[in-house]
Amino acid sequence: MKESNDVSDLDIRHIDPTLYNEDLAPLKPQDRNWGAFEIFNVWSNDIQSLFGYTLAASLFLSYGLNGWAVMAAIILAGVIVMFLVNLTGKPSVKYGIPFPVMVRASMGVRGANLPAILRAIVGIFWYGVQTYFASTAVTLLITAFIGAGSGSTFLGLSGVAWVSFVIVWLFQIAIFWQGIERIKHFLNLAGPLVYVVMLVLMAVVWYQAGSELLPAIGTIFSGDGEASGSSIAAFMAIVGTMVAYFAAVVINFGDFTRFVKTERQMKLGNLLGLPLNVAFFSFIALIITAGTLVLFGEALTNPADIVERVDSLPLTIVAALTFFAATVGINLVANFIPPAYDLANLFPSKISFKTGGLITAIIAFFVGALWISVISQIGIPGFVNALGAIVAPFYGIIVVDYYLIKRQHLNMQELFSSAPGGAYYYVNGWNIRALIAFGAAAMFSLSTVLAPALSSLGGYGWLIGAGLGGLFYYGLMRQFKAASAFAEHTVS
């Protein structure tokens with residue numbers, strides 16, 4: 001008896017149809033064609049989206065911290081995220097399963113619907129927000145040709161902005177409907193292109209700012225954080241905020257790595273796409289932000305606003321198309337694919353991957369439409385941290401379960417079975433201990449964002465929630481470590 005390397009063979013006669021469809025089934029090794037380049041582009045598009053740039057640029061201005069320290073904090077966050085996703089990505093490289101199937105091992109075959117639906121909610125929110133940000137690039141393009149219109153607005157959006165928003169929303173559905181391969185090709189094109197445009201924008205801003213640029217950078221790098229204690233707190237808050245920005249992708253990274261050919265390819269893509277990519281992109285953001293301070297008398301953090309002020313029609317056209325492509329690319333991969341899987345996991349026999357994606361798009365339409373008038377009013381860091389804190393404990397639970405409880409062995413057949421006494425059936429399909437661990441950890445991590453008394457922990461919500469979730473889960477489940485032997489997938 002030995003562990004099977006072909007994890008894709010399931011006995012269809014002995015699976016529960018309410019847990020299975022072809023989209024959720026283990027992906028056969030011969031059907032996996034992603035490498036390091038594709039994983040790199042998942043991260044490069046995530047970081048280089050309009051929302052990602054705005055967040056990175058705002059961190060240089062929001063904490064009164066020395067700019068070198070801000071750079072170091074952002075890079076450290078990239079290293080931390082790389083370590084985290086290497087852990088959550090490995091099981092899906094090995095078994096070819098998406099996140100909602102993977103989490104059945106720890107939460108139970110029915111209990112997995114809880115993290116799946118919460119992750120879907122987070123994805124839908126991000127999808128709506130990123131759709132709005134992508135639409136600002138289209139608005140910029142339309143305005144460059146026909147003007148801004150009458151100036152009247154509805155829910156904070158002008159007529160041109162509404163048209164742009166609908167165009168982006170429909171375009172994303174059209175790309176998604178053509179399947180994962182078309183999304184991959186779109187992403188691989190958008191990732192490199194956005195770097196070219198950001199470098200051109202940096203060069204234009206640098207040229208126009210001239211000799212005043214370096215003093216402006218010095219102003220940002222001087223900072224005014226005096227007390228070492230407050231400086232350390234600000235540093236850690238930046239790290240926590242950046243980790244929280246990636247939080248949703250960190251938890252369900254298996255949705256992407258199931259397409260990767262080898263673990264080595266995944267790790268190489270993560271190395272190139274996270275710490276190295278973050279460092280370079282943060283440098284570009286710093287130069288451009290300092291340049292806007294010189295050119296316009298204020299530090300602008302939205303690239304669309306910067307391009308508009310530079311007043312160059314060729315740059316406007318190229319930049320608008322590229323920002324649009326990059327933001328749509330990461331939106332499709334990070335915020336469309338996961339909720340599509342998660343919603344399909346609720347009712348596999350009734351909701352396919354494509355149907356789940358359509359449901360995601362419809363709900364997200366209203367999120368994006370309300371971004372300016374309602375959602376953005378709570379502030380970008382607070383929005384990122386609150387969403388991340390809710391799902392954070394699942395990261396700790398998943399990692400502890402796979403590496404410490406199950407000892408890196410899963411039984412594929414049992415993941416699709418609801419037979420009482422099954423390896424992942426627990427109590428009526430729910431792992432009560434995992435629910436307790438999640439609830440206790442989530443209450444505390446969310447309170448770091450919402451409770452004024454814990455405001456000093458702001459920015460750490462995701463890391464605290466993930467750590468507590470894993471700690472509580474291990475304490476409740478350690479006596480079941482011996483059961484991992486029954487979870488091993490074997491063949492005669």
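Values reported hereafter were calculated over all heavy atoms of this structure, with side chains retained and with hydrogens, waters and symmetry mates removed. Throughout, residue positions are numbered sequentially from 1 according to the sequence presented.
In this structure, CG on Leu446 lies 12.0 Å from CD1 on Ile464, to the nearest 0.5 angstrom. Note that OH of Tyr426 is 9.5 Å distant from CE of Met107, once rounded to the nearest 0.5 Å. Note: Met102 CE to Phe253 CZ = 14.0 Å, rounded to the nearest 0.5 Å. In this structure, CZ on Phe416 lies 11.0 Å from CG on Asn411, to the nearest 0.5 angstrom. Rounding to the nearest 0.5 angstrom, the gap separating the CZ atom in Phe60 from the CG atom in Leu286 is 4.5 Å. With values rounded to the nearest 0.5 angstrom, Leu24 atom CG is found 12.5 Å from Phe99 atom CZ.
Applying the ring-ring contact (aromatic ring centres under 6.0 Å, His included) rule to Trp430 yields no partners; only residues at least two apart in sequence or on another chain are considered. Remark: Lys90 pairs with no residue by the salt bridge (Lys or Arg N to Asp or Glu O under 4.0 Å) rule, at least two apart or across chains. For Phe394, the ring-ring contact (aromatic ring centres under 6.0 Å, His included) partners are Phe438, not counting sequence neighbours. Residues passing the ring-ring contact (aromatic ring centres under 6.0 Å, His included) test with Phe259, sequence neighbours excluded: Trp34. For Ala325, the side chain to side chain contact (heavy atoms under 4.5 Å, CB included) partners two or more places apart in sequence, or in a different chain, are Phe186, Ala190. In this structure, the ring-ring contact (aromatic ring centres under 6.0 Å, His included) partners of Tyr395, at least two apart in sequence or on a different chain, are Trp462. Partners of Ser92 under the side chain to side chain contact (heavy atoms under 4.5 Å, CB included) rule, at least two apart in sequence or in another chain, are Ile97, Thr257, Arg258. Take Ala369 and apply the side chain to side chain contact (heavy atoms under 4.5 Å, CB included) test, not counting sequence neighbours, and it matches Trp162, Phe165. Arg182 pairs by the side-chain hydrogen bond (donor to acceptor under 3.5 Å, both in side chains) definition with Gln178, not counting sequence neighbours. Every salt bridge (Lys or Arg N to Asp or Glu O under 4.0 Å) that Glu181 has, sequence neighbours left out, goes to Lys184.
The closest donor-acceptor contact from the side chain of Gln265 to the backbone of Ala36 lies under 3.5 Å. Counting only distance, with no hydrogens or angles, the side chain of Glu38 and the backbone of Gly35 share a donor-acceptor pair below 3.5 Å. Formation of a donor-acceptor pair under 3.5 Å by the Asn21 side chain with backbone atoms of Ser352 is not found in this model.
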Show every donor-acceptor pair shorter than 3.5 Å between a side-chain atom in residues 272-280 and any protein atom, with sequence neighbours excluded, or say none if there are none.
{"unit_1": "Asn277", "atom_1": "OD1", "unit_2": "Tyr195", "atom_2": "OH", "d": "2.1"}
{"unit_1": "Asn277", "atom_1": "ND2", "unit_2": "Gly273", "atom_2": "O", "d": "3.3"}

Would you tabulate the side-chain donor-acceptor contacts of residues 74-87 under 3.5 Å, counting partners in other chains and residues two or more places apart, or write 'none'?
{"unit_1": "Asn86", "atom_1": "OD1", "unit_2": "Asn270", "atom_2": "ND2", "d": "2.8"}
{"unit_1": "Asn86", "atom_1": "ND2", "unit_2": "Met82", "atom_2": "O", "d": "3.3"}

Exercise for review: Let me see the working for Leu410 and Lys406 under side-chain contact (heavy atoms from CB on, under 4.5 Å), right down to the final yes or no.
Suggested key: CA-CA 7 Å; Leu410 299 176; Lys406 304 300 193 300; 4.2 Å; yes
Point to revise | ring pair (Phe, Tyr, Trp, His ring centres under 6.0 Å) between Phe365 and Tyr127, worked out | key: CA-CA 9 Å; Phe365 179 89; Tyr127 182 77; over 10 Å; no
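Counting heavy atoms from C-beta outward, Leu343 and Ile117 have side chains that approach closer than 4.5 Å. Within the 4.5 Å cutoff, the side chain of Phe472 has no heavy atoms near those of the Ile436 side chain. Side chains of Arg110 and Leu19 form a contact here, defined as non-hydrogen atoms less than 4.5 Å apart.
Within a 6.0 Å radius of CZ in Phe347, no more than 12 heavy atoms belonging to other residues, nucleotides or ligands are found.
Side-chain N/O atoms of Arg104 and Ser417 include no donor and acceptor closer than 3.5 Å.
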